[in-house]
Amino acid sequence: TLFPYTTLFRSVVREIDEGRYSPGEQIMRSIQMALKHNCTLIVIEANAYQYSLKYWSEFTCAQMGIIGLNFVPIYSGRLSKNSRILTMFKSYVKGEILIHPACEAQVKSQITSFNPLKTNNVDGILDCLTYSLRVIDEMAEFIKISTLEGQQEFAAISHQDQTVESNSPF
């Protein structure tokens with residue numbers, strides 16, 4: 001589970017919780033991390049069994065009386081995982097993906113051991129990072145209204161619209 005957040009349309013990885021967890025543990029850890037960081041959007045890889053985590057996450061929240069969390073699927077697309085990771089490396093080098101110092105060791109460990117000619121890399125963190133920029137692109141409007149910065153921006157735009165309406169001679 002990664003906790004990325006966005007700033008100036010860049011992905012920032014703030015916390016990583018990696019391990020071998022049961023589906024129930026994965027769900028509880030993602031919910032706890034979202035609540036800890038006041039995050040309302042949880043994006044779930046929609047391939048194979050992972051897609052069922054969306055249903056079970058929503059089910060778990062309903063049972064626990066947790067409201068306000070949105071579980072949204074994202075599909076990997078047509079590229080292989082290794083191709084997605086190599087593309088992500090370019091974004092990382094350009095500074096489009098930022099890694100908090102607390103997470104750098106985990107990320108750099110997987111970067112240095114990654115071999116694009118192999119298919120059995122230890123690359124769970126890198127695989128998650130491949131989705132970060134797509135999440136910003138595909139879910140930008142949701143991110144804007146569900147973050148403090150986005151709400152402030154939305155309020156400022158709404159205020160400007162009202163000012164124009166009330167000052168308009170027409």
Side-chain angles (χ1 to χ4, degrees), residues 1-51 53-54 57 68-153:
T1 305
L2 295 179
F3 172 67
Y5 63 93
T6 60
T7 177
L8 300 173
F9 296 99
R10 290 187 184 162
S11 175
V12 181
V13 176
R14 176 64 184 94
E15 183 177 343
I16 298 172
D17 181 4
E18 185 181 38
R20 292 189 173 269
Y21 304 121
S22 71
E25 288 174 304
Q26 287 177 343
I27 291 165
M28 290 306 298
R29 287 174 174 274
S30 66
I31 291 171
Q32 288 169 350
M33 192 180 286
L35 294 174
K36 174 182 172 184
H37 293 285
N38 198 25
C39 174
T40 61
L41 177 65
I42 299 175
V43 180
I44 298 173
E45 185 177 21
N47 299 325
Y49 93 94
Q50 291 100 324
Y51 188 73
L53 293 176
K54 178 184 182 316
S57 296
L69 296 182
N70 299 283
F71 299 91
V72 180
I74 192 165
Y75 298 89
S76 61
R78 296 180 185 170
L79 293 175
S80 71
K81 180 165 59 167
N82 283 2
S83 295
R84 291 193 319 268
I85 290 172
L86 292 172
T87 301
M88 180 273 301
F89 284 163
K90 293 175 190 174
S91 298
Y92 177 62
V93 169
K94 284 191 231 174
E96 295 171 346
I97 299 173
L98 304 175
I99 310 296
H100 189 275
C103 304
E104 278 184 340
Q106 290 171 283
V107 173
K108 288 183 178 177
S109 172
Q110 288 194 5
I111 289 173
T112 57
S113 66
F114 181 77
N115 180 348
L117 302 176
K118 290 173 40 180
T119 57
N120 62 344
N121 290 293
V122 175
D123 55 14
I125 295 169
L126 301 179
D127 189 26
C128 286
L129 287 173
T130 66
Y131 293 103
S132 62
L133 294 177
R134 280 193 45 218
V135 168
I136 292 170
D137 289 341
E138 295 175 19
M139 301 171 194
E141 294 305 313
F142 182 87
I143 293 168
K144 284 180 186 175
I145 62 168
S146 64
T147 63
L148 180 60
E149 295 86 358
Q151 291 169 6
Q152 290 171 341
E153 181 181 329

Step-by-step side chain to side chain contact (heavy atoms under 4.5 Å, CB included) determination, Gln32 to Asp17: CA-CA 11 Å; Gln32 288 169 350; Asp17 181 4; over 6 Å; no
(message) Main chain of Leu117, side chain of Asn82: is a donor-acceptor contact present, judged purely on distance under 3.5 Å?
(response) no
Inset, instruction - Look at the side chain of Thr87 and the backbone N and O of Ser83, then say whether any donor-acceptor pair between them is shorter than 3.5 Å. - result: yes
task = Could you please spell out the steps behind the side chain to side chain contact (heavy atoms under 4.5 Å, CB included) verdict for His100 and Val13?
result = CA-CA 6 Å; His100 189 275; Val13 176; over 6 Å; no
Output the distance between atom [atom1] ([X]) and atom [atom2] ([Y]), rounded to the nearest 0.5 Å.
X: Arg14; Y: Met33; atom1: CZ; atom2: CE; answer: 10.5 Å
X: Lys81; Y: Asp123; atom1: NZ; atom2: CG; answer: 4.0 Å
X: Gln110; Y: Ile85; atom1: CD; atom2: CD1; answer: 8.0 Å
X: Ser132; Y: Leu98; atom1: OG; atom2: CG; answer: 9.5 Å
X: Cys39; Y: Glu15; atom1: SG; atom2: CD; answer: 11.0 Å
X: Ser109; Y: Glu18; atom1: OG; atom2: CD; answer: 9.0 Å

Could you report the tightest heavy-atom contact between [X] and [Y], atom names first, then the distance?
X: Tyr131; Y: Tyr75; result: CE2-O, 3.9 Å
X: Ile125; Y: Gln106; result: CD1-CB, 3.8 Å
X: Val107; Y: Leu126; result: O-CD2, 4.3 Å
X: Pro116; Y: Leu86; result: CB-CD1, 3.9 Å
X: Arg84; Y: Leu79; result: NH1-O, 3.2 Å
X: Ile97; Y: Met88; result: CD1-CG, 3.6 Å

Hits for side chain to side chain donor-acceptor pair (under 3.5 Å) against Glu138, two or more places apart or cross-chain, chain-then-number order -> Arg134
What I'd like to find out is whether the side chain of [X] reaches to under 4.5 Å of the side chain of [Y], using heavy atoms alone.
X: Ile31; Y: Phe71; value: yes
X: Tyr21; Y: Ile27; value: no
X: Ser113; Y: Asn121; value: no
X: Phe142; Y: Val72; value: no
X: Ser57; Y: Ile42; value: no

Measure the acute angle between the ring planes of Phe114 and Phe89, then classify it against the limits of 30° and 60° as parallel, tilted or perpendicular.
perpendicular
